[in-house]
Amino acid sequence: MTGTVLNCGYVPLVDCAPLVIAKELGFAAEQGLALNLVRQPSWSALRDMLALGHLDAAQMLSPMAVAMSIGLGGLPARIDALMVLSVNGTVFGLSNAVAKELGPLPFGNARAILTALAARGVKPLRIGVPFHYSMHRLLLSYWTSAAPTLTIDEVTVSPPRMADAVADGFVDAFWVGEPWGSVAVQHDVAQLMMTGRDVWQFAPEKVLAVRHEWVERNEDMARRLMRAVFHASAWLDAPRNKALAVEILGRSEHLSMSSDLIDPALTGHIVPKHNAPPVAVERFLQFHKHAASFPWRSQAAWIAHQLGADAAGVETAKASFRSDLYRQNLADIGADMPGASEKEEGSLRFETAVASSRGHMILAPDAFFDGRTFDFAQ
């Protein structure tokens, strides 16, 4: 390795792609960084390694960063989300037995699926999620709150174990990041019913997280890291690079998974059940387009609100999404900046042009399945 060594933790999911591409294609090296990617066995291990200073930075579940900052769960620490690493990219699936019980349902129709599950009766539905403080769990809670008669039991299952948990009858359903939903389908133990974007069309899934005091001491390193990841994210979202991205990630030691498991997430072609044709899901997983990497403080506020934070907690959460550093460190390399750092979450039904520093910003739809909006600036 040449350059300043920076230890960055990650969990092997397709959405760690910006970190892998930053390393493998030299975007980090161009910034004078030797990016050392340190695989973590679980989200709790990654959380603790970052909090204790054994990692400089980490791919982190967006609600985990907020939860740590407001003192919830495990080791409390002031965590800064320098930028969003990925938007969307998760799937909700049912065991074959439960799916058969419900009968045919339109893929991606969150309301129809919820209505069918609620009609099963009082029998609790055991649902596997990777971590309590995750977007998977928040979307699950938000979605099922619209069906008060549906009883669920939340069970924590590591993503690589999700297919086995379904096969063993340990869970009836799951919400997980790719490729682990597709793995369950390939093993013919589950059917995918919808994606995370069917509940919230533009949900920040992972963030690039660091300790606040680390940023204070390493401003230049943080700047270089953000620039490397920004360039990698832009490269990933260019359609012409998709095939090469699948190839690079497939042969990368960091993921240790075959290309056929990586392709669905990057191309948005999701196979809902065994031997079925793929379904094209627009904006299934995004890294750069539509200001995907911008850390909107209103998104942090929504997360804190779902975690039950009070007004002070919401403000702490908003401060942890460092839109100020994003503007400061990326503006001079051509990043288009929105005119504000907060917006009314859920208000966009269509692609919408907004005021920005370069005048080219189009935001993607961010609607919630139930039509609600959240304006934390009021």
Side-chain angles (χ1 to χ4, degrees), residues 11 13-14 42-44 61 63 88-200 203 205 261 264-265 270-276 278-279 281 284 306 369-370:
V11 171
L13 293 152
V14 177
S42 66
W43 289 115
S44 56
L61 298 158
N88 300 333
T90 65
V91 291
F92 174 76
L94 296 172
S95 70
N96 286 338
V98 175
K100 183 178 181 180
E101 183 183 337
L102 298 186
L105 288 168
F107 180 84
N109 190 322
R111 287 188 179 276
I113 297 164
L114 187 61
T115 299
L117 287 172
R120 291 178 72 234
V122 297
K123 183 180 179 181
L125 189 73
R126 289 174 61 83
I127 303 179
V129 294
F131 197 75
H132 184 70
Y133 297 111
S134 67
M135 186 57 68
H136 318 72
R137 206 276 297 175
L138 295 192
L139 293 177
L140 172 65
S141 296
Y142 183 85
W143 176 56
T144 55
S145 67
T149 60
L150 176 62
T151 305
I152 65 170
D153 289 337
E154 175 195 321
V155 183
T156 300
V157 180
S158 67
R161 285 279 307 154
M162 202 64 79
D164 290 338
V166 178
D168 296 342
F170 184 63
V171 297
D172 306 305
F174 56 83
W175 207 310
V176 74
E178 279 292 270
W180 302 111
S182 291
V183 169
V185 170
Q186 284 195 2
H187 290 179
D188 197 16
V189 298
Q191 296 183 25
L192 303 185
M193 308 302 294
M194 65 178 182
T195 70
R197 69 174 296 277
D198 293 312
V199 173
W200 185 11
E205 174 60 26
L261 289 176
I270 305 300
V271 177
K273 60 182 179 179
H274 195 58
N275 291 330
V279 176
V281 180
F284 173 75
Q306 298 305 309
F369 83 103
D370 56 4

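Just so you know, these numbers come straight off a predicted model, no measurement behind them. The first residue in the sequence is number 1, and the count goes up from there.
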Compare every heavy atom of [Y] with every heavy atom of [X], then report the nearest pair and how far apart it is.
X    : Y    : value
F107 : V279 : CD2-CG1, 3.9 Å
A116 : L102 : O-CD2, 3.5 Å
P63  : L138 : CG-CD1, 3.7 Å
I270 : P264 : CD1-O, 3.7 Å
V281 : R197 : CG1-CD, 3.7 Å
M162 : W175 : CE-O, 4.3 Å

With side chain to side chain contact (heavy atoms under 4.5 Å, CB included) as the test, would you mind laying out the steps for Q191 and N96 before giving the verdict? CA-CA 6 Å; Q191 296 183 25; N96 286 338; 3.5 Å; yes

Drop me the distance from [X]'s [atom1] to [Y]'s [atom2], to the nearest 0.5 angstrom.
X    : Y    : atom1 : atom2 : value
L94  : L105 : CG    : CG    : 8.5 Å
F92  : T195 : CZ    : OG1   : 12.0 Å
M194 : W143 : CE    : CH2   : 3.5 Å
W180 : Q186 : CH2   : CD    : 10.5 Å
L117 : T151 : CG    : OG1   : 11.5 Å
T144 : L114 : OG1   : CG    : 7.0 Å

Ring-plane angle category for Y142 and F369, please: parallel below 30°, perpendicular beyond 60°, tilted otherwise. perpendicular

Are [X] and [Y] close enough that some pair of their side-chain heavy atoms sits under 4.5 Å apart?
X    : Y    : value
I127 : V171 : no
F174 : V157 : no
H274 : H187 : no
T90  : E205 : yes
V271 : S182 : no

State which residues pass side-chain hydrogen bond (donor to acceptor under 3.5 Å, both in side chains) with [X]; sequence neighbours excluded, sorted by chain then number.
X    : answer
S141 : R137
D164 : R161
S158 : none

Starting from the C-alpha separation in whole Å, work towards a yes-or-no answer on side chain to side chain contact (heavy atoms under 4.5 Å, CB included) for I152 and L140. CA-CA 10 Å; I152 65 170; L140 172 65; 4.2 Å; yes

Does D172 reach the main-chain N or O of R126 with its side chain, forming a donor-acceptor pair under 3.5 Å? yes

Residue pairs fulfilling salt bridge (Lys or Arg N to Asp or Glu O under 4.0 Å) with at least one residue in residues 90-113, sequence neighbours excluded: E101-R120

If you look only at pairs with a residue in residues 176-195, which of them pass as a salt bridge (Lys or Arg N to Asp or Glu O under 4.0 Å), with sequence neighbours excluded? none

Residue list, ring pair (Phe, Tyr, Trp, His ring centres under 6.0 Å) with W43, at least two apart or on another chain: none

